[in-house]
There are 2 protein chains.
Amino acid sequence: MNIYDVSERAGVSIATVSRVLNGNPNVSEKTRSRVMEVMNELGYTPNVFARGLGLNTMRTIGIMCSDSSDPYLANAIYYLERELRANGYDSILCCTGTSLENKRQYFDLLLSKRVDAVILAGSKFIEMEEKDNAYLIDAARDLPIMLVNGFLDAPGIYSTVCDDHSAIYHAAARLIASGRKRILYLYTSRSYSGTNKLQGYKDALRDGGLPIRPELIHQCAKDLHAARSLLLSLAAEGLEFDAVMTSDDSLAVGAVKYAHARNISIPEELAIIGYNNSMLSYCTDPEISSIDTKVEELCITTVKTLMGVFGGGDVPGKTTIAADFIQKQTTNF
Amino acid sequence: MNIYDVSERAGVSIATVSRVLNGNPNVSEKTRSRVMEVMNELGYTPNVFARGLGLNTMRTIGIMCSDSSDPYLANAIYYLERELRANGYDSILCCTGTSLENKRQYFDLLLSKRVDAVILAGSKFIEMEEKDNAYLIDAARDLPIMLVNGFLDAPGIYSTVCDDHSAIYHAAARLIASGRKRILYLYTSRSYSGTNKLQGYKDALRDGGLPIRPELIHQCAKDLHAARSLLLSLAAEGLEFDAVMTSDDSLAVGAVKYAHARNISIPEELAIIGYNNSMLSYCTDPEISSIDTKVEELCITTVKTLMGVFGGGDVPGKTTIAADFIQKQTTNF
DNA sequence: TCCTTGATTGTAAGCGCTTACATTTATTCT
DNA sequence: AGAATAAATGTAAGCGCTTACAATCAAGGA
């Protein structure tokens, strides 16, 4: 079942069939409808390979994410996939893990699949060392690269980011305004967004007239038990704090567990603010105030930007989306 | 950059190049290594379209899941993707939602992409009405269909399922043995696995000498707040229960919240058992005893079976994997 | 040495589609 | 009406690869 069968049955040439397939306007309405009719009759579907060979595009976008089981990324994948499909594109997904080696390898694999663009979901794809991003900058000469919540300034690379800095800044400012003096900050990584968040925290303290104490800033594995343990041992060492802000909800869950373990009342004695407003932040008692980073909007914008790039439009290299603070039960201002 | 460039540079014909590309044994070692060398030199990657056109396979598997943001499915996707890739296959992902209409449409889309097989992740793909599954049975004549945690008995359809019945059965039996008399059962859907779970619950009650009370069996949306509300209103109506079993962790989280709201002690006054042992079950305080359905093993087996099918081996239509009960803090036996 | 055989390599015909260019048909203008 | 122009359709040459079949080569046996 191929284009020849259709052309024969419809009494036209394969070129004409191909034209109606591709929406070419140079086909009379009569012929078009006749051909469509035959296609339906025969249940014809064009062969993607042959099509790809000719057009050298597969209408497929590669999506890379470091870990699809992270609720934040899982959501992002869902929305990206939905938006792409709504625009007539398929997605092929790669879960890369975090090793640079792997990320590169998967990236090449996507390229070899002749995807029309690559979307990197999550901030884990921008490396600290500039040279480690060279492969992206290089590849961006040949096809658009979209960063969801990551930023790299290079032609052909488009970023959609959440305004992490101001999200954390304002949340911290509100904590300070409500009288918190010793705000602990827990972060998972020094990625692009991680750096912004941390800076937001520092700026808020500075503007709020509070000292920036290194002993209140800690890195922690993205794992609730790790966060709980860390807090317990910090407290055991005598560190005092009346609020915890985290770069990820999972750490905030750990903070709630820490408070429960020590019988500390939330939010009276300890305020807690998570990040991403994921399902995790709703699981605990009390439920965790968190920052909604608008994943859906982020993804919609990313895809819209990509379509703009495909359409040859003039498209901004970076789009910033504002986050929302979601007040739940671990804060009281 | 194509096969001709390589063949020219290596001083052989394109057929020979193609042969080394496909691991054809009829190539002398000397030629093979020479060609490989040239490929590396030129950084040659075969064009998937042309290849697909010739081979009529894309080495790509379609994965359908109803909702990638469900932690259980997100995990499944991760493992499936990993295993497929390890076997040299790519995956193209479709998040279908739950409407039959959509599922069918996405399925057709995958077929039109000429995927080599389709994996349906999750039990949401088998419909109650037999006729609604006809499209799967039909399609299975042309390509393998793999069900992860779903079952449909038809040629070309292969199922890997968790032994939900006995998982629930044994968990319930332990509750009963430890003296619980009124075990509430909350379920989300009457899918294949949903039905098995419910049956496991009923069988355990029966074998444990407990009556099966319809007022203790309730359907509930897969949402922790819905579960919490449902329990609160049931309790308000005077229903008594000393244990809650659920078909999904999210409902169990709701049960913990219910207990907190009413100041009921866990597990003394109320035992709770979740299902899937997902991250959610670790978020609450106390952490929820749950059933590990071995997603990873399920996925590994699915892919292994699929490779068996491709290899023409004799492959069982259904493989069952045993679940594990994970004792945490909401049970005390 | 010459033929047979098996191993290796080459030739060329597709695979199903797109598209530049050629051709035919319809339309408009004088 | 007939030429000039525009619209619709057809022809055929790829796109880069696989593979059946043909051709070549090396080695062993008579």
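Protein chains get the first letters and strands the later ones, always in sequence-line order, with residue 1 at the start of each. What you see is a predicted model, and the numbers here were worked out from it, not measured in a lab.
- As rounded to whole Å, 13 Å separates atom P of D/dG16 from atom CG of A/Leu55.
- Residue B/Asn2 places at least one side-chain N or O under 4.0 Å from the OP1 or OP2 atom of D/dG16.
- Between A/Asn26 atom CG and D/dA7 atom P the separation is 8 Å, expressed in whole Å.
- Contact between the side-chain N/O atoms of A/Arg51 and the OP1/OP2 oxygens of C/dT18 is found at a separation under 4.0 Å.
- Put simply, A/Tyr44 has a side-chain N or O that comes within less than 4.0 Å of OP1 or OP2 on C/dC17.
- Taking 4.5 Å as the limit, every side-chain heavy atom of A/Ser18 sits out of range of all side-chain heavy atoms of A/Ile14.
- Of the candidate nucleotides C/dG16, D/dA12, C/dT9, C/dG16 has the atom nearest to the side chain of B/Leu53.
- As a whole-Å value, the separation of B/Phe49 CZ from D/dG14 P is 21 Å.
- For A/Ser28, the side-chain atoms get nearest to D/dA8 when compared with the rest of D/dT11, D/dA8, C/dC17.
- Residue contacts for A/Val17: at a heavy-atom cut-off of 4.0 Å it reaches no nucleic acid atom on any strand shown.
- Taking a cutoff of 4.0 Å between a charged side-chain nitrogen and a carboxylate oxygen, A/Glu127 and A/Arg104 do not qualify as a salt bridge.
- In terms of phosphate contacts, B/Thr16 brings a side-chain nitrogen or oxygen within less than 4.0 Å of OP1 or OP2 of C/dG10.
- When heavy atoms are screened at a 4.0 angstrom cut-off, A/Tyr4 is found touching base atoms of the nucleic acid.
- Between B/Asn47 and D/dC15 there is no side-chain N or O to OP1 or OP2 distance below 4.0 Å.
- In this structure, the CD1 atom of A/Ile3 is 14 Å from the C1' atom of D/dT11, given to the nearest Å.
- At a threshold of 4.0 Å, the pair A/Lys222-A/Asp70 counts as salt-bridged, since one of the basic side-chain nitrogens sits closer than that to a carboxylate oxygen.
- Between the B/Ser159 side chain and the B/Gly150 main chain, a donor and an acceptor come within less than 3.5 Å of each other.
- Put simply, NZ on B/Lys30 is 13 Å from C1' on C/dT9, counting in whole angstrom units.
- A close approach under 4.0 Å does occur between a side-chain nitrogen or oxygen of B/Ser18 and OP1 or OP2 of D/dT18.
- Nucleotide D/dA7 holds its P atom 13 Å from the CG atom of A/Asn24, rounded to whole Å.
- Each of B/Val12 and A/Ala50 has a nearest nucleotide on DNA chain C; the 5'-most of these lies closest to B/Val12.
- An OP1 or OP2 oxygen of D/dT9 is reached within less than 4.0 angstrom by a side-chain nitrogen or oxygen of A/Thr31.
- Taking atom CG of B/Leu21 as the reference point, atom P of D/dT19 lies 11 Å away to the nearest angstrom.
- Within the 4.0 angstrom heavy-atom criterion, only backbone atoms of the sugar-phosphate kind lie near A/Asn22; the bases stay farther away.
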